[in-house]
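The structure appears right after this line, and notes come after that.
Every value quoted in this text rests on a predicted model; they were computed, and no experiment measured them.
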Amino acid sequence: MTALRLEGDVIYLTPLSMADVSEKYVEWLNDPVVCRDNSHGAIRNTLARTTDYVKSVQNSETTRAFAIRLKSSAEHVGNVSLQKIDRTNQSAELAILIGEKDAWGLGVGTEAYRLLMDYGFNELNLNRIYSGQTARNSAMIRVCEKVGMTKEGVLRQAMFKNGEYLDVVIFAILRGDK
């Protein structure tokens with residue numbers, strides 16, 4: 001059986017595995033710049049905690065997590081996942097972490113979103129894929145817009161991060177929107 005690999009122009013995605021757990025990965029999760037606008041960083045991550053997370057998603061019914069790799073080098077630069085998969089309502093949340101700052105601004109996020117949306121609609125038979133971004137995260141808001149997601153609304157002060165409440169903008173795309 002061939003291992004799952006989702007191919008793009010600049011990146012490819014492979015299921016997140018124990019081989020992806022590294023000190024570098026843990027550093028991303030503890031980097032305040034990388035995690036400025038996501039739910040990571042509230043607690044100090046460790047190799048053990050990261051290992052536990054990867055084990056938890058490997059056979060999960062509600063999460064499909066992938067390592068993002070640059071095609072040019074096979075370097076692991078981040079992760080992207082469909083999580084909170086709801087089979088009844090055929091929906092899931094799309095989340096991303098690009099840990100390697102050198103990969104920022106290269107279109108990695110846009111391509112990862114497109115690949116995972118195609119996977120979600122075509123392989124998981126989802127009808128709706130949504131993503132939440134803090135209102136100040138203009139780069140990820142642009143990604144959502146580029147991939148055809150529609151802004152559905154704002155969850156006011158939905159995230160508490162580093163002593164401040166942040167608004168979260170919800171974007172979604174339906175199978176029929178593609």
Are Tyr119 and Val80 close enough, and set up right, to give a side chain to side chain contact (heavy atoms under 4.5 Å, CB included), and what steps lead you there?
CA-CA 12 Å; Tyr119 175 77; Val80 63; over 6 Å; no

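- Both Phe66 and Leu115 belong to a single network of hydrophobic side chains, linked directly or stepwise wherever heavy atoms of I, L, V, M, F, W or Y lie under 4.5 Å apart.
- Atom CD in Gln58 sits 6.5 Å away from atom CE in Met18 (nearest 0.5 Å).
- Donor-acceptor pairing under 3.5 Å is recorded for the side chains of Tyr25 and Asn79.
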Tell me, with the steps shown, if Met149 and Asp177 meet side chain to side chain contact (heavy atoms under 4.5 Å, CB included).
CA-CA 8 Å; Met149 290 183 145; Asp177 294 341; over 6 Å; no

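- No more than 12 heavy-atom neighbours from other residues, nucleotides or ligands sit within 6.0 angstrom of OH on Tyr165.
- No donor-acceptor pair closer than 3.5 Å links the side chain of Glu152 to the backbone N or O of Ala172.
- The side-chain contact (heavy atoms from CB on, under 4.5 Å) with Arg69 is formed by just one residue from the set Thr14, Val108, Val77; it is Thr14.
- A donor-acceptor contact shorter than 3.5 Å links the side chain of Arg114 to the backbone of Lys146.
- Here the side chain of Asp20 pairs a donor or acceptor atom with the backbone of Ser17 at under 3.5 angstrom.
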Passes side chain to side chain contact (heavy atoms under 4.5 Å, CB included), Val34 versus Lys101? Steps please.
CA-CA 8 Å; Val34 170; Lys101 294 175 192 150; 3.7 Å; yes

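- Closest heavy-atom contact between Arg128 and Tyr130: NH1-CD2, 3.1 Å.
- When all heavy atoms are compared, the tightest approach of Trp104 to Ile98 is NE1-O, 2.9 Å.
- Looking at every heavy atom in both residues, Ala135 comes nearest to Ile141 through O-CD1, 3.6 Å.
- Atom CG of residue Leu6 and atom CD1 of residue Ile68 lie 11.0 Å apart, to the nearest 0.5 angstrom.
- Following chains of ILVMFWY side-chain contacts shorter than 4.5 Å, one cannot reach Val168 starting from Ile129, and the two form parts of different hydrophobic clusters.
- Between the CD1 atom of Ile173 and the CE atom of Met117 there is a distance of 3.5 Å, given to the nearest 0.5 Å.
- In this model, a donor atom of one side chain and an acceptor atom of the other lie less than 3.5 Å apart for Arg175 and Asn125.
- Under the side-chain contact (heavy atoms from CB on, under 4.5 Å) test applied with Val147, the options Leu94, Thr110, Leu116 reduce to a single match, Thr110.
- One distance of note links NZ of Lys161 with CZ of Arg136; it measures 8.0 Å at 0.5 Å rounding.
- In terms of modelled atom types and a separation under 3.5 Å, the side chain of Ser81 and the main chain of Gln83 share no donor-acceptor contact.
- In terms of hydrophobic clustering, with Ile, Leu, Val, Met, Phe, Trp and Tyr side chains grouped at heavy-atom distances under 4.5 Å, Val10 and Tyr12 are assigned to different clusters.
- For the side-chain contact (heavy atoms from CB on, under 4.5 Å) test with Met140, the passing option among Val169, Thr134, Ile96 is Ile96; the others fail.
- Thr62 is not listed as a side-chain neighbour of Lys84, based on a closest heavy-atom distance of 4.5 Å or more.
- The heavy-atom pair separating Arg87 from Leu124 by the smallest distance is NH1-O, 3.6 Å.
- Side chain of Ser91 to backbone of Asp86: no donor-acceptor contact under 3.5 angstrom is found.
- Using a 4.5 Å heavy-atom threshold, the side chains of Arg64 and Ile85 count as touching.
- Follow the hydrophobic side-chain contacts under 4.5 Å out from Phe171 and you never reach Met159; the two are in separate clusters.
- Within a 6.0 Å sphere centred on NZ of Lys151, other residues, nucleotides and ligands contribute 12 heavy atoms or fewer.
- Linking ILVMFWY side-chain heavy atoms closer than 4.5 Å, directly or via other members, places Tyr113 and Leu174 in two distinct hydrophobic clusters.
- Between atom CG of residue Asp102 and atom CG of residue Leu70 there is a gap of 9.5 Å, rounded to the nearest 0.5 Å.
- A salt bridge links Lys71 with Glu7: the closest approach of a Lys/Arg side-chain nitrogen to an acidic carboxylate oxygen falls below 4.0 angstrom.
- In this structure, His76 and Trp28 have perpendicular ring planes: the angle between them is above 60°, well past the 30° mark.
- Rounding to the nearest 0.5 Å gives a distance of 9.5 Å between CG of Leu29 and OG1 of Thr46.
- When all heavy atoms of Ala92 and Leu82 are compared, the pair lying nearest together is CB-CD2, 4.2 Å.
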